[in-house]
Amino acid sequence: MTITALNPNDPLYHLPTAQTFHLRTLFYTQLSLGKIKPLVLPSAFFGTLFLPLLYLSIPHKSRPWLYSLRWVVAFLIVYIDYTLLLTTSGSNVAIGYAVGLIACHGTVWGLTLVLFTRPQWDAARVVRDGGKGGYTWEFYPEGGSWWKRVGWAGDLLLNFRGVGWNYAVSTIPSPPFPTAGGGQGQTVEMGRMEKVTRQGYWVCETGREFVRDRLWQVGWSWVVIDVWTTFGRADPYIVLGPEYVHSSHWKINSLPPALEGMPMGVVSLGRSILGITGVAAGLFYFHSIYQLVNYCVLGKGGLDLLGVQGELWQYPSLFGGFHMVKEKGLAGFWGAWWHQSFRRGFAAAGEWVFDVVATGETVPALRVRDTNGEVNGKGYDNDKERRAKKPTRAKTVVTVLIAFFLSGLMHACGGLTSMSPTTKFWTPIMFFATQGVGTLVQGFVCQYFRGFIERNFSTRWRRVGNLVVVAVWLQLTGWGLVDDMSRAGIWLFEPVPFSPVRWLVKILGYGDMLGGNNGNVWRLDEEYGLRWWWGPEGRWWESGLRL
C-alpha cells in the first residue's frame, strides 16, 4: 500500500484549517461591525421556548378571549425567530448552522403547540400516582399551581417525539393512550406497552442494558466520526462544497492523489455515503450522550431529579429497524428507520393547512387519541367508524409534501445562518421535496400494481427492489443536501475532543499525510464551550452564555 504525503506547499495541505479560520474571521469581522450577533442563552430562545411556555402556562380553555390571542403569540414567535435567523450566527461552524435549525424548527414547533393543535384540551402525559404508586394520565392541570402548569407545558415543549404523552409519534414504544372524554387521572396500562415496535424502535428493560448499549453507540460513532474527519477532509469538496473547482480564494486545481484517477461517478457515490454516514454517526453520538446524562446523572440511574421523565422507558432508541427500508422503500427509510425527532411538528403543520383549505376552519379539531391509538374527538363506537376517520389520500399527500418541505426549509436555514457566503438556499429544499415526491410515487405505484408485484416477485426480490429504489433515489438527489452542508462548513466541526485515529497514524509514522492542523490529536479549541457575553450598548437582556 502506498501512502502519499501531502506537500506543505499544496493548498490542500492546510485547507481544513484555513477554511475554519476564514469562516471565523468572517464572523468576528461582522460581529465587530455590529452586523451579526452570537447565539446567547437565554435570549436566543425567547421565541422558540419562553414565549410558548408562558402562553401555555396560562389556562385559556374557559377564556375565549385569551385563546384568540394565540394569533398574536403566533405572530410574535414568527417575528422573533425570523429576527434570530437574520441576525445571529456563530464562530463555531456547528453553532452557526444550528442557529438556522433552531429558528426554523422553533417556529414550527411553537406554532404547532399554539396554533395547529390545542394542547390544553388534547394533550396528556404520564405521571406517577403518589397515592397508589402506579401511573395515571395527566391532562392540562388547569386548577393546579403556576409551577405545576409550567412543568406540564415545559415537558410538552421539550418532548419533540412525545415520549410519555398521548401525542407520541406512532413509531416509538408507548403505553395505550387514554380514552377520549375519560377525564383526568385515567390509569396508564404500562403492562401493555411494547418493548419493541413494529418499526424497530425499542426501550431497554434494565439500566445495565441501557448503559451498555448507549456506551456502545458512543464508542462506535466516535470511531466513525474520527475516521471520517481524519481522512474525509482530504477531499476539497468536503471542506468547500462543489465550488472548490472555481474557488479563486483557495486556488484548488485538483483532487488529492487518492481521488485523482477515480471516475467521477465513483467519487460522487463516495461523497454521498460519507454524507449520510457522517450525519447518522453524529446523531447517534450526541443523542446517546444526551440519554446517558439524563438517565445516569439526572434520572433514575443517578440523582433522580426528573421524576417519570428520568425512568428507563422514557429513552427509546433514536433510529428504527433497517428492515423497514427493505419492507417499505422510501416510506420505510424516512417514515420509520430515520429518526422521527421533528415528525410531530412538521405533520401537524400539514394537517392544519389541509383542514383550513378544506373547511375554512382555523380552530384545529380535537385530536385526543383513544386506547387503540386512533385520533378522535368523541370516541368511536366500532371499528368501521374508526377506519372511516382515517386521513383521505388528498390529506396524506398534502401532509407529506408540507412535512418534507419544512424539513428542507429547516436545513436551508442552517446554511443561511452559517458564515459561508456560498450556500444555496434552494438545494436542501429541493432535496427534501424530492424525498416527499419519491415516497408518494413509490407508494402509489406499489399500491396500484400490488397484485402484479406479489404474483411475479418473491418477498426477497421485492425487498431488493426497495433497497435499490432507496439507494438510487438518494444518490440522484442527495447532492442537494450534502453539497450545501459542505458549503456551510459543517464537516469542519469537531464532535470528538480527542482523536485516537490521528494518534495512531502519527505513531505509525504517517502523520504527514493528514495535513496541517488536521493532524492534531486534541481537536477542541477556545471556540468550543461556553463563555459570558455582555449585551452591547447596555442591552442587558442580550447578555448571557454565549455558545
Side-chain angles (χ1 to χ4, degrees), residues 42 45 48-50 52-53 56-57 105-106 109 112-113 117 119-120 122-141 144-178 184-195 197 201-211 213-214 217 286-318 339-345 369:
F45 290 89
T48 61
L49 177 61
F50 297 114
L53 177 65
L56 291 171
S57 299
H105 181 258
W109 189 234
T112 294
L113 299 180
T117 62
Q120 290 194 11
D122 302 352
R125 64 172 178 170
V126 176
V127 295
R128 278 281 188 179
D129 185 336
K132 300 178 181 179
Y135 298 90
T136 60
W137 286 102
E138 180 187 42
F139 285 87
Y140 184 71
S145 67
W146 168 262
W147 287 112
K148 188 173 184 63
R149 298 195 304 271
V150 168
W152 189 93
D155 188 12
L156 179 78
L157 272 162
L158 297 176
N159 204 328
F160 298 151
R161 291 195 293 176
V163 181
W165 285 79
N166 66 336
Y167 69 83
V169 294
S170 60
T171 54
I172 63 174
S174 296
F177 297 130
Q184 197 77 274
Q186 298 177 56
T187 299
V188 180
E189 300 177 83
M190 294 298 293
R192 291 179 57 193
M193 186 178 111
E194 299 174 301
K195 300 303 179 185
T197 65
Y201 288 81
W202 57 284
V203 292
C204 297
E205 298 191 44
T206 66
R208 182 185 296 271
E209 178 191 4
F210 173 80
V211 172
D213 178 78
R214 295 310 187 265
Q217 290 186 12
F286 286 110
H287 188 263
S288 297
I289 292 175
Y290 166 78
Q291 288 195 336
L292 280 169
V293 171
N294 263 24
Y295 177 74
C296 296
V297 179
L298 303 176
K300 290 294 182 182
L303 300 175
D304 197 11
L305 301 177
L306 302 178
V308 171
Q309 287 74 30
E311 296 182 5
L312 203 55
W313 65 274
Q314 291 267 340
Y315 302 101
S317 59
L318 177 63
H339 76 95
Q340 305 292 291
S341 302
F342 308 123
R343 175 174 177 167
R344 164 70 174 163
R369 293 177 180 268

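Note that the numbering runs from 1 along the sequence shown for the chain.
- One finds the OG atom of S174 at 10.0 Å from the CZ atom of R161 (value rounded to the nearest 0.5 Å).
- Using a 30° and 60° split on the angle between ring planes, Y295 and F210 fall in the perpendicular class, above 60°.
- To the nearest 0.5 angstrom, E311 atom CD is 8.0 Å from D304 atom CG.
- Residues passing the side-chain hydrogen bond (donor to acceptor under 3.5 Å, both in side chains) test with R343, sequence neighbours excluded: Q340.
- By the ring-ring contact (aromatic ring centres under 6.0 Å, His included) test, W165 is found to be paired with W152, Y167, residues two or more places apart in sequence or in another chain being considered.
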Run the side-chain contact (heavy atoms from CB on, under 4.5 Å) check on V308 and W313 step by step: do they pass? CA-CA 9 Å; V308 171; W313 65 274; 3.6 Å; yes
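- A heavy-atom distance below 4.5 Å is found between the side chains of L49 and L158.
- Every side-chain contact (heavy atoms from CB on, under 4.5 Å) that D129 has, sequence neighbours left out, goes to K132, T136.
- Scanning all heavy atoms of the two residues, the minimum distance from T48 to G106 falls at CG2-CA, 3.6 Å.
- The shortest side-chain heavy-atom distance between L318 and S341 falls under the 4.5 Å cut-off.
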Before you tell me yes or no, could you show the steps for T117 and R344 under side-chain contact (heavy atoms from CB on, under 4.5 Å), namely the whole-Å CA-CA distance, both residues' side-chain angles and the distance that decides it to 0.1 Å? CA-CA 11 Å; T117 62; R344 164 70 174 163; 3.7 Å; yes
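- Separating the CG atom in L113 from the CG atom in L53 is a distance of 10.5 Å, to the nearest 0.5 Å.
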Does V203 form a side-chain contact (heavy atoms from CB on, under 4.5 Å) with I172? I'd like the steps, not just the answer. CA-CA 9 Å; V203 292; I172 63 174; over 6 Å; no
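- By the salt bridge (Lys or Arg N to Asp or Glu O under 4.0 Å) test, D213 is found to be paired with no residue, residues two or more places apart in sequence or in another chain being considered.
- Side-chain contact between F177 and W137: present, with at least one pair of heavy atoms (C-beta onward) separated by less than 4.5 Å.
- Remark: Y290 OH is loosely packed, at most 12 non-hydrogen atoms of other residues, nucleotides or ligands lying under 6.0 Å away.
- Considering only heavy atoms from C-beta on, Q186 comes within 4.5 Å of F139 through its side chain.
- Nearest heavy atom pair, residue W109 against residue N159, reads CZ2-O, 3.9 Å.
- Proximity of V169 to Y201: side-chain heavy atoms (C-beta onward) are nowhere separated by under 4.5 Å.
- In W146, the CH2 atom is crowded: over 12 heavy atoms of neighbouring residues, nucleotides or ligands sit closer than 6.0 Å.
- A distance of 10.0 Å separates CG in N294 from CD in Q309, rounded to the nearest 0.5 Å.
- Heavy atoms only, all atoms of each residue included: V211 and C296 are closest at CG2-SG, 3.6 Å.
- Rounded to the nearest 0.5 angstrom, L157 CG and L56 CG are separated by 6.0 Å.
- Applying the salt bridge (Lys or Arg N to Asp or Glu O under 4.0 Å) criterion to R125, with sequence neighbours excluded, gives E138, D155.
- Applying the salt bridge (Lys or Arg N to Asp or Glu O under 4.0 Å) rule to K195 yields no partners; only residues at least two apart in sequence or on another chain are considered.
- Counting heavy atoms from C-beta outward, R149 and P141 have side chains that approach closer than 4.5 Å.
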Verify side-chain contact (heavy atoms from CB on, under 4.5 Å) between R214 and C204, making sure each step is shown before the conclusion. CA-CA 10 Å; R214 295 310 187 265; C204 297; 4.1 Å; yes
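- In this structure, Q291 contributes its side chain and P316 its backbone to a donor-acceptor pair below 3.5 Å.
- In this structure, L312 and G207 approach most closely via the heavy-atom pair CD2-N, 3.6 Å.
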